[in-house]
K.L.:
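One structure, as structure tokens, below. Some questions next.
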Amino acid sequence: MSSLSTTLPPTPPTADPDAPSQIAWPDTEPHRWLTSLLNGSSYAYIVAPMVDQSDLPFRFLSRRYSSNLCYTPMIHSRMFTTDVKYREKFMPKFDEAKHPMGGPVFHQFCGNNEETMLAAVNLLPSYCEVVDINCGCPQGIAKRGGYGAFLLEEGDLLVKIVSTLVTKSDRRVTVKVRILPTGVADSIALYTRLVDAGASLLTIHGRTRHQKGQLTGKVDWNAIKQVVDALGHRIPIIANGGISSMDDVRACIEQTGVRGVMSSEGILEYPAIFMETNVTATGGKRTAPSRVTLAREYLDLNDKFPNNCGGQGSGLKCAKTHLQHFLYSDLQPFPEARTAMHEAHSTSDMFAVCDLIEKQNGDNYDKSEEGLGWYNRHRCEKEGETKLDFKQVELDEDFGGCFGGMLGENAECGGDY
Ligand SMILES: Cc1cc2nc3c(=O)[nH]c(=O)nc-3n(C[C@H](O)[C@H](O)[C@H](O)COP(=O)(O)O)c2cc1C
């Protein structure tokens, strides 16, 4: 089959989740399912699974600003089945899809045993209709646990996990994968087996497991296009990696023909990236809310729906990490606010940091000048620079401590899944 991007003229993606789909996607059950899940929207704009960062209040905030599909952070299947405290932390408290501020949410699990994963999935309330399998984490903890990107190299086991969940649970199953180190052809052969086993959607992070830390490098959209060419006529294919604005979204959709895009680091910095802001059409200007506004909105949501009460977050640490990402460009040049942020012990302390920043900005502050500051690794690469900038270092340091309580002892996952 030829690429969807060539058989169908690229249509400008719409950031309006209620707009009817303008595209005749292939008439298969998984495609029809996604269309109905997205309420007719042409494309999926997805908040990535992020340990301790795709928590419930963050999902609410991102949906307010045009994301139309969210993933929970990864849930460890064995711990979910055996550790009551862990389970309590990750168990949803209500049907997010039906909440006025809610929408579709995929619960992501990691694991390497089909019975354990089935048991974990079956513990979820029945309204959690979609479960995703993490085949992306490249870190040491995933290597030791035999899950994440390392599970991709155990093809028979992974296929067994998918078919067990598809046939024995009443959930829909999706998989988030990386490209295999042995190349795109091997990757497509494996992904085809996953589709044959009943996977309804694949998200392709267009990097191999070796591309992490200083070696992260560019996302391979050409590889994603080849996956769309091979499997896009059967199930929806989603692109992940390097998306930080609607300009990136359009370029990615045009080059690959995917049904949607997923963002992690970009959306962490600025949860309104799926709006027409900071794009060529606005002259690079910010037209959506300012950083501080979004930070305040997150804190408000976190007060109402604490991330650590069924929201898959660690509490204060999770909220603080969000604030540090939202406000990176404000905190960098402002030591007093940085110290206050560092010492914050509550959301009201963090509101006070927002007050400090707004006072410093003054009445004539022009939010239209706000650019993307924290997430510039990919932008540097686009401009032809090969050297990774300071942000990657910041990222690893910021996230280094944030996984301990969320993954169990000796966790060492960084932000490079
Ligand atoms: C803080 C953080 C936590 C992450 N946690 C997960 C996770 O739980 N499950 C997963 O599949 N990927 C996880 N990832 C990887 C992202 O989902 C995504 O695949 C990766 O960051 C590439 O997308 P990007 O270029 O938009 O950042 C995480 C990434 C970050 C930065």
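Keep in mind that what you see is a predicted model, and the values were worked out from it rather than measured. Start at 1 with the first residue, then count along the sequence.
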K.L.:
Using 30° and 60° as the class limits, which term best fits the ring planes of F106 and Y71: parallel, tilted or perpendicular?
P.N.:
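The arrangement is tilted - the two ring planes meet at 30° to 60°.
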K.L.:
Backbone N or O of L202 within a donor-acceptor pair of the T174 side chain at under 3.5 Å?
P.N.:
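Not a single qualifying donor-acceptor pair exists.
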K.L.:
May I ask you to decide if S54's main-chain N or O and R59's side chain share a donor-acceptor pair within less than 3.5 Å?
P.N.:
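Present.
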K.L.:
In Å, rounded to the nearest 0.5 Å, how long is the span from CG of L61 to CE of M101?
P.N.:
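L61 CG to M101 CE: 10.0 Å, rounded to 0.5 Å.
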K.L.:
Which pairs, with at least one residue in residues 155-165 and sequence neighbours excluded, count as a side chain to side chain donor-acceptor pair (under 3.5 Å)?
P.N.:
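Applying side chain to side chain donor-acceptor pair (under 3.5 Å) to every pair that reaches into residues 155-165, excluding sequence neighbours, yields D156-R193.
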K.L.:
Just by distance, do the side chain of N307 and the backbone of G315 share a donor-acceptor pair under 3.5 Å?
P.N.:
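Here the side-chain-to-backbone pair exists.
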K.L.:
Given 3.5 Å as the limit, does a donor-acceptor pair link the side chain of R178 with the main chain of H205, or not?
P.N.:
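No; judged by distance alone, with no hydrogens or angles, the pair does not exist.
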K.L.:
When you measure from the side chain of S187 to the backbone of L180, do you find a donor-acceptor pair of N or O atoms at a distance under 3.5 Å?
P.N.:
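Answer holds: yes.
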K.L.:
Between N278 (side chain only) and G284 (backbone N and O only), is there a donor and an acceptor less than 3.5 Å apart?
P.N.:
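Answer holds: yes.
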K.L.:
Judged by modelled atom types alone, do D247 and T280 share a side-chain donor-acceptor pair under 3.5 Å?
P.N.:
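T280 and D247 do have a side-chain donor-acceptor pair below 3.5 Å.
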K.L.:
Taking N68 for its side chain and Y45 for its backbone only, find out whether a donor-acceptor pair lies under 3.5 Å.
P.N.:
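Here the side-chain-to-backbone pair exists.
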K.L.:
Ion pair present between D52 and K317, side-chain N to carboxylate O less than 4.0 angstrom?
P.N.:
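A salt bridge is absent here (no side-chain N lies under 4.0 Å from a carboxylate O).
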K.L.:
Between R296 and D355, does at least one N-O distance fall below 4.0 Å, as a salt bridge requires?
P.N.:
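Looking at D355 together with R296, the answer is yes, because their closest N to O distance falls below 4.0 Å.
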K.L.:
Donor-acceptor pair, distance only, cut-off 3.5 Å: does the side chain of W25 make one with the backbone of S42?
P.N.:
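Judged by distance alone, yes, a pair lies under 3.5 Å.
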K.L.:
Could you tell me which non-hydrogen atom of T277 sits nearest to which non-hydrogen atom of A288, and how far apart they are?
P.N.:
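Closest heavy-atom pair between T277 and A288: OG1-N, 3.4 Å.
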K.L.:
Less than 3.5 Å apart, any donor N or O on the side chain of H322 or N302 sitting next to an acceptor on the other?
P.N.:
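The criterion, which ignores hydrogens and geometry beyond distance, is not satisfied for N302 and H322.
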K.L.:
Spell out, as yes or no, whether a donor-acceptor pair under 3.5 Å connects the side chain of Q108 to the backbone of I75.
P.N.:
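No: the side chain of Q108 does not pair with the backbone of I75.
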K.L.:
Give a yes or no on whether a salt bridge exists between E369 and K285, defined as a side-chain N under 4.0 angstrom from a carboxylate O.
P.N.:
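Looking at E369 and K285, the cut-off is met.
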K.L.:
With rounding to the nearest 0.5 Å, note down the distance linking OH in Y65 to CE in M275.
P.N.:
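Going from OH on Y65 over to CE on M275, the span is 7.5 Å.
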K.L.:
Looking at every heavy atom in both L316 and A344, which two are closest together, and how far apart are they?
P.N.:
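Answer, listing the atom of L316 first, then A344: CD2-O, 3.9 Å.
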K.L.:
With under 30° as parallel and over 60° as perpendicular, where do the rings of Y86 and F80 fit, or are they tilted in between?
P.N.:
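Rings of Y86 and F80: perpendicular, over 60°.
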K.L.:
Is the shortest heavy-atom distance from the side chain of T28 to the side chain of I235 under 4.5 Å?
P.N.:
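Not in contact.
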K.L.:
Can Q255 and K225 be said to form a side chain to side chain contact (heavy atoms under 4.5 Å, CB included), step by step?
P.N.:
CA-CA 7 Å; Q255 281 186 40; K225 179 181 185 304; 6.0 Å; no
K.L.:
Please lay out, stage by stage, how I161 and L157 fare under the test side chain to side chain contact (heavy atoms under 4.5 Å, CB included).
P.N.:
CA-CA 6 Å; I161 290 172; L157 175 58; 4.2 Å; yes
K.L.:
Is NZ or CZ of R78 both nearer than 6.0 Å to the six-membered ring centre of Y147 and within 45° of the ring axis?
P.N.:
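No cation-pi geometry.
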K.L.:
I'd like to check I23 versus Y43 (side-chain heavy atoms, cut-off strictly below 4.5 Å). Are they in contact?
P.N.:
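Sidechains of Y43 and I23: in contact.
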K.L.:
Assess whether a salt bridge exists between K359 and E336, defined as any Lys/Arg side-chain N lying under 4.0 Å from an Asp/Glu carboxylate O.
P.N.:
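No.
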K.L.:
Going by an N to O cut-off under 4.0 Å, is there a salt bridge joining E153 and R209?
P.N.:
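Between R209 and E153 there is a salt bridge, with a charged N closer than 4.0 Å to a carboxylate O.
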K.L.:
With heavy-atom distances below 4.5 Å as the criterion, would you say the side chains of S329 and E370 are in contact?
P.N.:
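S329 does not reach E370 side chain to side chain.
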K.L.:
For a side-chain contact (heavy atoms from CB on, under 4.5 Å) with V353, tell me which candidate from H342, R338, M341, E343 qualifies.
P.N.:
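Among the candidates, only M341 passes.
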K.L.:
Under 3.5 Å, side chain of Q211 to main-chain N/O of T216, donor-acceptor pair present?
P.N.:
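Yes; at least one donor-acceptor contact below 3.5 Å.
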K.L.:
Quick check: Y298 with H325 (ring centres under 6.0 Å apart)?
P.N.:
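No, the ring centres sit 6.0 Å or more apart.
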K.L.:
State plainly whether the residues E88 and K93 are in salt-bridge range, i.e. N to O under 4.0 Å.
P.N.:
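Result for this pair is yes, salt bridge flagged.
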K.L.:
Applying side-chain hydrogen bond (donor to acceptor under 3.5 Å, both in side chains), name anything that partners S368, two or more places apart in sequence or on another chain.
P.N.:
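Here the qualifying residues are D366.
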K.L.:
Counting neighbours of CD on E129 that are heavy atoms of other residues, nucleotides or ligands and sit closer than 6.0 Å, is the number greater than 12?
P.N.:
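Result for CD/E129: open.
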K.L.:
Please tell me if the side chains of F274 and V261 come closer than 4.5 Å, counting only heavy atoms from C-beta onward.
P.N.:
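Side chain of F274 against side chain of V261, heavy atoms only: contact under 4.5 Å found.
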K.L.:
Show which side-chain atoms of residues 117-127 pair as donor or acceptor with protein atoms under 3.5 Å away, not counting sequence neighbours.
P.N.:
residue: N122; atom: ND2; partner: L118; partner atom: O; Å: 3.4
residue: Y127; atom: OH; partner: F94; partner atom: N; Å: 3.3
residue: Y127; atom: OH; partner: F94; partner atom: O; Å: 3.4

